[in-house]
Amino acid sequence: MSAPLVEIDDVRKSFGGNVVLDELVLEIGAGFTGLIGPNGAGKTTCLNLISGYVRPTAGDVRVRGASVVGARPQDIAARGVARTFQTPRVVSALSALENVMLGGHRHHRRGHLAELFGLGSARRQEAAVRARAHELLDRFGLADQAQEPAAAFPIGSQKIIEVARGLVNEPHLLLLDEPAAGLGAEDVEALVGGLDGYLAGGTTAVVIIEHDLKLISRLCPRVAVLHFGRIIADGPPAEVLDDAVVVEAYLGAGFATDR
Ligand SMILES: Nc1ncnc2c1ncn2[C@@H]1O[C@H](COP(=O)(O)OP(=O)(O)O)[C@@H](O)[C@H]1O
Ligand SMILES: [Mg+2]
């Protein structure tokens, strides 16, 4: 097995006296990994640690073997880490296509050494980003509305646009914070189909925080359960979601158990 894309190594994170993560150990490899757990469990904090928005109180976080502790979010992004937020952050006045293209204007891009060494013209790069952005919108069923302003889209589509923006730079690691929350059934289909179709069999690692356990079961061969800042279960969804301790944790938080 190749080295994990992400290693969360004995991390503790407290805000003031509030210990949110404690002795957290988690490795993430290629493919889809689900991260679930009740509200307040520390899921978003995990993504914030990996993407540089918060710094661990103790322990180390490595991305592709290098520590990201103390690195700025934009520098971590430049190493090939893309993320979305629980509340979508699209630029209302720009079109869907332009919003997706915004994700292409970072330094990082997989492969294409010629571009790194300045051999490709800015124009050619722009055209390549535009083509990828189009392909992604098409994957997610939004190609017909590519030119419409982001503000005109319902919130579900805005979240999908944000996911496409995360993918346009061909990241090594994509972190999705509740991408399906607030989405209707049709949008969930578009999201799952798009992600699966675009990334299936590839080397990209995707971490999905999600309360929709059906979505997790469909997309993720592996799911980790965070509860009070610790991983209490980690494995295939069929096993993890039948675990009595997990069910208890969910029931305690008022989760629906049908899936
Ligand atoms: N920047 C912050 N400052 C203070 N407390 C925070 C901050 N971020 C998260 N927390 C606290 O950490 C706990 C876990 O939050 P979070 O990671 O958002 O949980 P989840 O995403 O699993 O719902 C909560 O008690 C929350 O209030
Ligand atoms: Mg959260």
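First listed ligand is number 1; within each ligand, the first listed atom is number 1.
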- Compute whether any side-chain donor of one residue and acceptor of the other, for Arg62 and Ser67, lie under 3.5 angstrom apart. no

- Query: Between Val69 and Val61, which heavy-atom pair has the shortest distance, and what is it?
  - Reply: CG2-N, 3.7 Å

- Below 4.0 Å from any atom of ligand 1, is there a heavy atom belonging to Gly37? no

- Note on the structure: Residues Leu5 and Ala30: closest non-hydrogen pair is CD2-N, 4.1 Å

- Message: I'd like to know whether Arg132 forms a salt bridge (charged side-chain N to carboxylate O under 4.0 Å, His left out) with Glu135, so could you lay out the CA-CA distance, the side-chain angles of the two residues, the decisive distance to 0.1 Å, and finally the verdict.
- Response: CA-CA 5 Å; Arg132 284 201 305 278; Glu135 190 204 337; over 6 Å; no

- Where on Val20 is there a heavy atom closer than 4.0 Å to ligand 1, on the side chain, on the backbone, on both, or on neither? side chain

Would you be so kind as to tabulate the donor-acceptor pairs closer than 3.5 Å made by side chains of residues 179-190, with sequence neighbours excluded?
from, atom 1, to, atom 2, distance (Å)
Glu189, OE1, Arg218, NH2, 3.3
Glu189, OE2, Arg218, NH1, 2.8

- From Arg222 atom CZ to Thr33 atom OG1, the distance as rounded to the nearest 0.5 Å: 5.0 Å

- Message: Looking only at protein heavy atoms, which one is nearest to atom 9 (C) of ligand 1, and what is the separation?
- Response: Phe15 CE1, 3.5 Å

- Message: Please give me the minimum heavy-atom distance between Ile28 and Ala205, naming the atom from each residue.
- Response: CG2-CB, 4.3 Å

- Note on the structure: So for Asn18 against ligand 1, with non-hydrogen atoms under 4.0 Å, the contacting part is side chain

- Task: Taking only heavy atoms of Asn39 into account, list the atoms of ligand 1 that are under 4.0 Å away from them.
- Result: 23 (O)

- Message: Measuring only between side-chain heavy atoms, which start at C-beta, is Leu26 closer than 4.5 Å to Asp234?
- Response: yes

- What one should report as the nearest heavy-atom pair of Glu126 and Met101 is OE2-CE, 3.7 Å

- Query: Looking at atom 6 (C) of ligand 1, would you say a protein heavy atom lies below 4.0 Å from it?
  - Reply: yes

- Please report which non-hydrogen protein atom sits nearest to atom 16 (P) of ligand 1, along with the residue it belongs to and the distance in Å to one decimal place. Thr45 OG1, 3.7 Å

- Near the Mg ion (ligand 2), meaning under 2.8 Å, how many protein N/O/S atoms are there? 2

- Are Glu148 and Ser95 close enough that a side-chain donor and a side-chain acceptor fall under 3.5 Å? no

- Query: Counting each atom of ligand 1 from 1 as listed, which ones have a heavy atom of Thr44 under 4.0 Å away?
  - Reply: 17 (O), 18 (O), 20 (P), 21 (O)

- If you draw the axis of the six-membered ring of Phe228, does the NZ or CZ of Arg230 fall within 45° of it and under 6.0 Å from the ring centre? no

- Report yes if Lys43 has an N/O atom closer than 3.5 Å to an N/O atom of ligand 1; otherwise report no. yes

- Note on the structure: Looking only at non-hydrogen atoms, the one of Gly40, Gly42, Ala41 nearest atom 24 (C) of ligand 1 is Gly40

